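See below for the structure under consideration.
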Amino acid sequence: MDAASNAQAPRADLFDPASLAALGRIEIVARWIVDGFMSGLHRSPRKGFSVEFAEYRPYQPGDDPRYIDWKIAARADRWVVKQYEEETNLRASIVLDVSKSMVWSGQQLYALAGTEQPNGPRLTKLAYGERLTAALALLLLRQRDAVGLVRFDSEIRSAVPPRARNGQWRRVVAALEESGAGRASSAPAALEQAARLISRRGMIVLVSDLLMDIPEVERAVRGLRAVGHDVTVLHLMDPAERELPSSGEAVFVDPESALEIAASVADVRAAYRQTVGEVIDEWRTMFTSIGATYELIFTDAPFGVPLRRAFAARQALP
């Protein structure tokens, strides 16, 4: 492939998620996503003292003498200080919801309603969340950050302590490939476990469809914020959860409580949309009011979109 065709090739992180997932295993897909994302990423303008040289700047009173370039001082009678790309030693834990409600995609609803699903098949929320988690972990490890993982449903299914060592990403991917998916979900215990795995202030990323009680999650996130952790919440939704089909008959089933309600889609469509919008607003208001970052992500969105949002939150850390 020549340079011109490379320049015109679409970035992997901007592919349709279902098409990208068809490439194969989580590990393969996540590498494609991150390679595409990194190719379109502007490096941080912030500088610090680390291992990768960036530029020289004039010496200023108070600068550490260890970073003065004495060769230039002797040769040019000018004191300059070496600057390096910022070294990051952030400790992050990704908390992934693997409960029953995450194993769902909109094609099931459209099939029940007897209507055609727009934009073709979609990944389940869990499949999307697993690939997003693997990509986010790889991205942070390439930034020299320590990354861990906690998977939960009604209980904690996996806990990988944050590390920045070689092989850590394979440990995260291996945990993602474990079975699980219990019926209910309980985020507070998983968030507390993630905090215990971080020995000092760090970042916790919750990846979930948030089909759980707001007050319980609020108490847990408030606790994390109180001890200085930065919290990012990636709220996954299938587009069919936001906008029902325009017609048809369907039986709506809560996958966690197994409650079933039969209804005409046309009769409940407007009320359903208003209710979902109110719930989204309630989550967003709650998280932002306590200093957490909240992002709503639909599972038909390319992976590059949520990665950029999550990475922007990570760059905002002091």
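No experiment lies behind these values; they were computed from the predicted model shown.
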I need the minimum non-hydrogen distance between R151 and E178, along with the two atoms involved.
NH2-O, 3.0 Å
Ignoring hydrogens and angles, write down the donor-acceptor pairs under 3.5 Å from the side chains of residues 189-198, residues two or more places apart or on other chains.
residue, atom, partner, partner atom, Å
Q193, OE1, R196, NH2, 2.9

OH (Y294) and CD1 (I280) are apart, to the nearest 0.5 Å, by 5.5 Å
Do the non-hydrogen side-chain atoms of V29 and F15 ever get within less than 4.5 Å of each other?
no
Check whether Y272 reaches the backbone of E241 with its side chain - one donor and one acceptor, N or O, closer than 3.5 Å.
yes
Given 3.5 Å as the limit, does a donor-acceptor pair link the side chain of T288 with the main chain of T285, or not?
yes
K125 versus M237: any side-chain heavy-atom pair under 4.5 Å?
no
Looking at R219 and D213, does any basic side-chain N land under 4.0 Å from a carboxylate oxygen?
no
With a 4.5 Å cut-off on side-chain heavy atoms, are M102 and T124 touching?
no
Heavy-atom closest pair (S105 atom, R122 atom, distance to 0.1 Å) is CB-O, 3.7 Å
Should we count CG of D267 as having more than 12 external heavy atoms under 6.0 Å?
yes
Do L296 and V221 share a hydrophobic cluster (ILVMFWY, side-chain heavy atoms under 4.5 Å, transitive)?
yes
Connected via hydrophobic side-chain network under 4.5 Å: V305 and V207
no
May I ask you to check whether over 12 heavy atoms, not counting those of R142, lie within 6.0 Å of atom CZ?
yes
Quick one: do E295 and H235 satisfy side-chain contact (heavy atoms from CB on, under 4.5 Å)? Show the steps, please.
CA-CA 6 Å; E295 295 290 347; H235 182 183; over 6 Å; no
Is it true that R25 and E177 have a side-chain N and a carboxylate O under 4.0 angstrom from each other?
no
Using the rule given for salt bridge (charged side-chain N to carboxylate O under 4.0 Å, His left out), can you reason through D153 versus R157, listing the C-alpha separation, both sets of side-chain angles and the distance that settles it, and then say yes or no?
CA-CA 7 Å; D153 43 49; R157 294 291 179 179; 2.7 Å; yes
Path from I297 to L14 over hydrophobic side-chain contacts below 4.5 Å:
no
T293 OG1 to L206 CG distance, which is reported to the nearest 0.5 Å
12.5 Å
Heavy-atom closest contact (L149 atom, A175 atom, distance)
CD2-CB, 3.8 Å
Measure the shortest side-chain to side-chain distance between F152 and V98 over non-hydrogen atoms and say whether it is less than 4.5 angstrom.
no
Relative to each other, are the rings of Y128 and F303 parallel, tilted or perpendicular (30° and 60° limits)?
parallel
side-chain contact (heavy atoms from CB on, under 4.5 Å) between L211 and W104: does it pass, once the steps are laid out?
CA-CA 12 Å; L211 292 179; W104 190 85; over 6 Å; no
Can you list the steps and then say if D69 with K71 is a salt bridge (charged side-chain N to carboxylate O under 4.0 Å, His left out)?
CA-CA 6 Å; D69 190 313; K71 291 182 179 178; over 6 Å; no
Residues, nucleotides or ligands: over 12 heavy atoms within 6.0 Å of W169 CH2
yes
Value rounded to 0.5 Å, distance of CG in D13 from CG in L139:
10.0 Å
Begin from the C-alpha positions of M212 and V217 and carry the test side-chain contact (heavy atoms from CB on, under 4.5 Å) through to its verdict.
CA-CA 8 Å; M212 54 188 83; V217 178; 3.4 Å; yes
Non-neighbouring partners of R170 that pass side chain to side chain donor-acceptor pair (under 3.5 Å), sequence neighbours left out:
E27
Residues at least two apart in sequence or cross-chain that pass side chain to side chain donor-acceptor pair (under 3.5 Å) with S208, listed by chain then number, are D97
Close side-chain approach of T232 and I204, heavy atoms under 4.5 Å:
no
Spatial distance of atom CE (M203) from atom CG (L140) [nearest 0.5 Å]:
5.0 Å
So, does R131 use its side chain to make a donor-acceptor pair with the main chain of A127 at under 3.5 Å?
yes
What I'd like to find out is whether the side chain of V147 reaches to under 4.5 Å of the side chain of P162, using heavy atoms alone.
no
Can you confirm whether the side chains of Q168 and R165 place a donor and an acceptor under 3.5 Å from each other?
no
Note: L307 and A135 closest approach over all heavy atoms is CD1-CB, 4.1 Å
Check for a donor-acceptor pair, side chain of H229 on one end and backbone N or O of L224 on the other, with a separation under 3.5 Å.
no
Starting at CZ of R201, measure out to CG of D230 and round the result to the nearest 0.5 Å.
5.0 Å
So, the side chain of R91 versus the backbone of A146: is there a donor-acceptor pair under 3.5 Å, distance only?
no
To the nearest 0.5 Å, atom NZ of K100 lies from atom CG of L126 at 11.0 Å
Flag yes if L20 and I28 sit in one hydrophobic cluster, no otherwise; membership is Ile, Leu, Val, Met, Phe, Trp, Tyr, and two members link when side-chain heavy atoms are under 4.5 Å apart.
yes
Please say whether more than 12 non-hydrogen atoms of neighbouring residues, nucleotides or ligands are located less than 6.0 Å from CH2 in W283.
yes
Heavy-atom closest contact (A301 atom, P17 atom, distance)
O-CG, 3.1 Å
Just so I know, are the side chains of L96 and V150 near enough to count as touching, which here means a heavy-atom distance under 4.5 Å?
no
Looking at L123 and D238, what are the two nearest heavy atoms and their distance?
O-OD2, 4.3 Å
